[in-house]
Amino acid sequence: MESYDFKVSEKKWQDKWEKAGVFHAVDNSDKKKFYALVEFPYPSGAGMHVGHIKAYSGLEVVTRKRRMEGYNVLFPIGFDAYGLPTENYAIKTGIHPRKVTDMNIEKFTGQLKRVGFSFDWTRVVDTTEIGYYKWTQWIFLKMFEKGLVFRDKTLVNYCPSCKVVLSNEDSQGGKCDICHSDVVQKSKDVWYLRITEYADKLLEGLDSVDYLPNVRLQQENWIGKSTGAFVNFTVKNTDEMLRIYTTRPDTLFGVTFMVMAPEHPMLDKYKDMIENFADVEAYRAECAKKTEFERTQLVKEKTGVKLQGFCAVNPVNGKEIPIFISDYVMMGYGTGAIMAVPAHDQRDYDFAKKFGVDIIEVIKGGDMEKEAYTGDGEMVNSGFLNGFTKKKASIEKMLEYLTEKGIGEKGVQYKMKDWAFNRQRYWGEPIPIVHCEKCGTVAVPYDELPLKLPEVENFEPGSDGESPLAKIDSFVKCTCPKCGAPARRETDTMPQWAGSSWYFLRYIDPHNSERFADMDKLKYWGMVDWYNGGMEHVTRHLIYSRFWHRFLYDIGEVPNPEPYAKRTAQGLILGPDGEKMSKSKGNVVDPNDVVDVYGADVLRTYVLFMGDYEKAAPWNESSMKGCKRFMDRVWNLQSILTDGEGYSSKLESSMHKTIKKVTEDIEALKYNTAIAALMTLLNEIYDAGSITKAELKTFITLLNPFAPHITEEINEAQGFGGMLANGTWPVYEDAKCVDAEIEIAVQVNGKIKARIKVAADIDEAGAIEAALANDAVKAAVDEKSIVKKLYVKGRLVNIVVK
RNA sequence: GCUCCCGUGGUGGAAUUGGCAGACACGCAAGAUUUAGGAUCUUGUGCCGCGAGGUGUGCAGGUUCAAGCCCUGUCGGGAGCACCA
């Protein structure tokens, strides 16, 4: 028997699969459909690293199995190619981003093909291709048409280094997500998508899908729904109400002051009434110097200013209470003003201590000298609530009261903010809007789409953070689609998240020029059955794409409200040093290097065998040798092949057990134990000394999703016929998964004393009898009296003695 | 600060969800084969002990016939959110 040459074989089978088109999804087939989606890569210049391989290998195994189970499988791939790294590279080198992107896509494609992934290469999508971004613009215009796009002048997160406006998501922790420099606050005209309008739908939609628990939890936290009450406080000597939001209306009797955000508009309206307005302005100036990061991140002493001549009245007891301004209250959440209950909120407590405000306890149970008390307890000093002991009941009662008296009502708040949707950059989808002196912001007519991204020579953004497009007169100057007057085009582009918000729909019908995807095809393929990707995308990409998809559903353009039926996430591959792989640390592993030395089958098997698929694990080259050895031993099975028919009696139950184990583990993301089960079976086969054709065929079929090349080669060499890629998944019989005789453990008082062999179908009485007959057990029981005898079916007997 | 996840041999990790801890693999040791190196094969390998045996899942308690798994406390690591009213 010749030895296996993976270099020849892998290329050979990749070509054969491609020529036969075995991985092409068929629209409107009679077979059951299965749509598996992996997060498409950003084609960076560095090429892929092994983390990508792990991310795709999970569903790669599932889809190869599904095809053999008779499904019509859609397993596509594409490229999320707009974005800053490409543009920055273009600025540095002078090579056009289009060229850079094409080069990178070519590199990625080559890497992916060498690994032998079973993607449908006829459906590749590139978000920067004009036939694609036409529809990104189209969806944006639909949102504009439905009032989900608006423009606002606000303080935005701005990265002085990248010269772009960043969303909250892109500037977490006060650092730019791209270059990690400090983000500053800047006043800008910004396009927003009204994602907050979909907060409830995005939250409720989670009930109808199967996401990993922690993925779901992160989405819920991100949306951040809280229920509480809006309460209106009268402001003395004005007609106006100071409106606040609280989650603790039960503590209303404990309010001893109020706090407004320094930017609260009421302050300017009543500046003549506020005797110390100069102090307000001074405090504002102080706050403006701080970044959002400093304002929210630092655990620091509370600051603020007490307003003179401007105070409020507690609506439940008529008490006059002072109003402060302080930057611990944000304009962006709730109403920009709060009622402060120092006895039962730590921030209010800190503030009251510093400014000498009264602290009135309304719930017993804490120590007012030390800190605020947030637990349950008996209500005191609270009028009609006195004597209540449960928070929930008090809140209900108070809400009833507020509604009845017309001073407040039940309310809901979300942490999620609207989505800042423009970037002052070149390499993105142009926003199809025209600014007209007379008509304001006007949509580019649908029949003028795509609005083509113009060719430019210089991609540098303007020094004031303007888009490079603003420098191109021929692009900027246009006529208003509404009135025909000379107008100016929007020169900002969309953020990178835009293209990835709907790509999974385009895979269904990638070459359609009439629609983003044909409705019948959308109906046939339906929801993505299984979506796998990184944990880092579960709060941004996953929320954004669910939002876009839900919007398309609401306007009748897609058949399902939710895009993904199931979502899982793989753990990172860390560098050999246990650190996150990064170019700067020099610990990145290139899949090409691994394929060169070990072959694609070994790489694929190793990334799934190295540990729990959902957990991070360090790269370990020597451990990969075990997978190489495994492949060699699989190949050598051919040397112990016999003429026997079917499964041999020695191996029959092991065969069935392994089929069951591998079949189930693949569905449960337990690829590592599925591979381990195959290794165990392999060891048993060598122990048995021979293998039948039927056994070999089953073995290579089970291994095929992990190591498709070597198994195809064996299949061909043995003349089993056809290609495994078109093969049939083996079935097992439950009845044959059990051995006739099993070993059970015998414990005395919970300690193992013996292991005995019994018939598999033994009953409780029989098992206990057999256990008590054992000498070691007899010795341990001795003359003590038996208190209890337990039998766990097929596992153990425990004799409790005293 | 809050929320969530995780701590198992020299290493990566298994453990039917309360039932024989350490599957599978790496590494290591001894042996076989080989001119040698490499590769391959066999055997062994949690720790203590020559042994019988004891002991063992970060640490300390608890529940149970039985705990890696459940409960309480504590220490350590990671992720997410973060003055959210």
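Remember, predicted model here, so these are calculated numbers, not experimental data. Letters go in sequence order (proteins before strands), and every chain restarts at 1.
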In whole angstroms, the gap separating C1' of B/C20 from CG of A/Leu790 amounts to 15 Å

Just say parallel, tilted or perpendicular for the rings of A/Tyr245 and A/Phe230, cut-offs at 30° and 60°. tilted

Would A/Asn636 and A/Tyr4 count as having a side-chain donor-acceptor pair, cut-off 3.5 Å? no

Do side-chain atoms of A/Gln218 reach the backbone of A/Val215 as a donor and acceptor pair under 3.5 angstrom? no

Pairing check on B/G18: which nucleotide meets the Watson-Crick or G-U wobble criteria with it, both distances under 3.5 Å? none

Taking only the side-chain nitrogens and oxygens of A/Arg248, find out if one of them lies under 4.0 Å from OP1 or OP2 of B/A85. no

P atoms of B/G46 and B/G51, separation to the nearest Å: 13 Å

With syn defined as a glycosidic torsion within 90 degrees of 0 and anti otherwise, which applies to B/U17? syn

Inter-nucleotide C1' distance (B/G7, B/U74), Å rounded: 14 Å

Sticking with atom P, work out how far B/C47 lies from B/U64, rounded to a whole angstrom. 35 Å

Would you kindly give the CD1-to-P distance between A/Ile223 and B/C81, to the nearest whole Å? 14 Å

In terms of the angle between their ring planes, are A/His541 and A/His537 parallel, tilted or perpendicular, with boundaries placed at 30° and 60°? perpendicular

State the pairing partner of B/G1; accept Watson-Crick or G-U wobble contacts with both distances under 3.5 Å, and report none otherwise. B/C81

Looking only at atom P, what distance separates B/C2 and B/G73, rounded to whole Å? 13 Å

Decide side-chain hydrogen bond (donor to acceptor under 3.5 Å, both in side chains) for A/Thr256 and A/Asp358; before the verdict, give the C-alpha distance in whole Å, the side-chain angles of both, and the deciding distance to 0.1 Å. CA-CA 6 Å; A/Thr256 54; A/Asp358 292 344; over 6 Å; no

Pair of N/O donor and acceptor under 3.5 Å linking B/C20 base with A/Arg795 side chain: no

Closest of B/G80, B/A21, B/G19 to the A/Ile752 side chain is B/A21

So what does A/Lys751 hit on the nucleic acid, given a heavy-atom distance under 4.0 Å: a base, only sugar-phosphate, or nothing? sugar-phosphate

Between A/Tyr333 and B/A85, is there a contact of a side-chain N or O with OP1 or OP2 at under 4.0 Å? yes

Of the listed nucleotides B/A14, B/C26, B/U55, the one nearest the side chain of A/Asp612: B/A14

So A/Asn672, base contact, sugar-phosphate only, or nothing? Heavy-atom distance under 4.0 Å. sugar-phosphate

Below 4.0 Å: OP1/OP2 of B/C26 and any side-chain N or O of A/Lys625: no

Whether the A/Asn798 and A/Tyr791 side chains hold a donor-acceptor pair (N or O, under 3.5 Å, no angle test) is what I'd like checked. no

With sugar-phosphate meaning primed atoms plus P, OP1 and OP2, does A/Ala616 contact a base, only sugar-phosphate, or nothing at under 4.0 Å between heavy atoms? sugar-phosphate

Any strand: nucleotide that pairs with B/U42 via Watson-Crick or wobble, under 3.5 Å: B/A30

Let's see if you can work this out: which of B/A85, B/G12, B/U3 has an atom nearest to the side-chain heavy atoms of A/Phe609? B/G12

Pick the C1' atom in B/G76 and in B/C41, then give their distance to the nearest Å. 44 Å

N-glycosidic conformation, B/G9 - syn within 90 degrees of 0, else anti: syn

Give a yes or no answer on whether the side chain of A/Arg567 reaches the backbone of A/Leu212 with a donor-acceptor pair at less than 3.5 Å. no

Minimum-distance nucleotide to A/Gln747 side chain [options: B/A85, B/G19, B/A25]: B/G19

Counting just side-chain N and O atoms, does A/Asn749 come under 4.0 Å of either OP1 or OP2 of B/A66? no

Given atom CD1 of A/Ile799 and atom P of B/C20, what is their separation to the nearest angstrom? 16 Å

Would you mind telling me which of B/U3, B/C24, B/G27 lies closest to the side-chain atoms of A/Thr680? B/C24

B/G80, B/C24, B/G13: which one has an atom nearest the side-chain heavy atoms of A/Ala617? B/G13

Could you measure between the two C1' atoms, the one in B/A66 and the one in B/A15, and give it in whole Å? 16 Å

On RNA chain B, more 5' by nearest nucleotide between A/Lys753 and A/Met679 is A/Met679

Any strand: nucleotide that pairs with B/A36 via Watson-Crick or wobble, under 3.5 Å: none

Could you work out the separation of B/U16 and B/G68 based on their C1' atoms and round it to a whole Å? 15 Å

A/Lys302 to A/Tyr328, cation-pi by 6.0 Å centre distance and 45° axis angle: yes

Between P of B/U64 and CG of A/Leu796, the distance in whole Å: 19 Å

Between A/Met535 and A/Gly334, which residue's closest nucleotide on RNA chain B lies nearer the 5′ terminus? A/Met535

Looking at A/Arg216, does any N or O in its side chain come under 4.0 Å of the phosphate oxygens OP1/OP2 on B/C4? no

In whole angstrom, what separates A/Leu572's CG from B/C5's P? 19 Å

Validation row: A/Leu796, A/Val746 side chains within 4.5 angstrom (heavy atoms): no

Just checking A/Asn798: base, sugar-phosphate only, or nothing, at a heavy-atom cut-off of under 4.0 Å? base

Under 4.0 angstrom, heavy atoms only, what part of the nucleic acid is A/Glu743 near: base, sugar-phosphate, or nothing? base

Could you work out which one of B/C6, B/G19, B/A23 sits closest to the side chain of A/Ala676? B/A23

Do side-chain atoms of A/Tyr598 reach the backbone of A/Asp601 as a donor and acceptor pair under 3.5 angstrom? no

Expressed in angstrom and rounded to an integer, what is the separation of A/Glu220 atom CD from B/C2 atom C1'? 16 Å

When both hydrogen-bonding distances must be under 3.5 Å and the geometry is Watson-Crick or G-U wobble, what is B/C24 paired with, if anything? B/G12

Is there a Watson-Crick or G-U wobble partner for B/C70 with both distances under 3.5 Å, and if so, which one is it? B/G62

Name the closest nucleotide to the A/Lys670 side chain, picking from B/C20, B/C41, B/A15. B/A15

Please determine, for the side chain of A/Ser226, which listed nucleotide (B/C20, B/A25, B/A85) has the closest atom? B/A85

From B/C81, B/A25, B/G12, nucleotide with atom closest to A/Asn683 side chain: B/A25

Nearest whole Å is fine: how far is B/A85 P from A/Lys225 NZ? 14 Å

Can you tell me how far C1' of B/G12 sits from NZ of A/Lys54, to the nearest Å? 11 Å

Mind checking the P distance from B/G58 to B/G10? Whole angstroms is fine. 13 Å

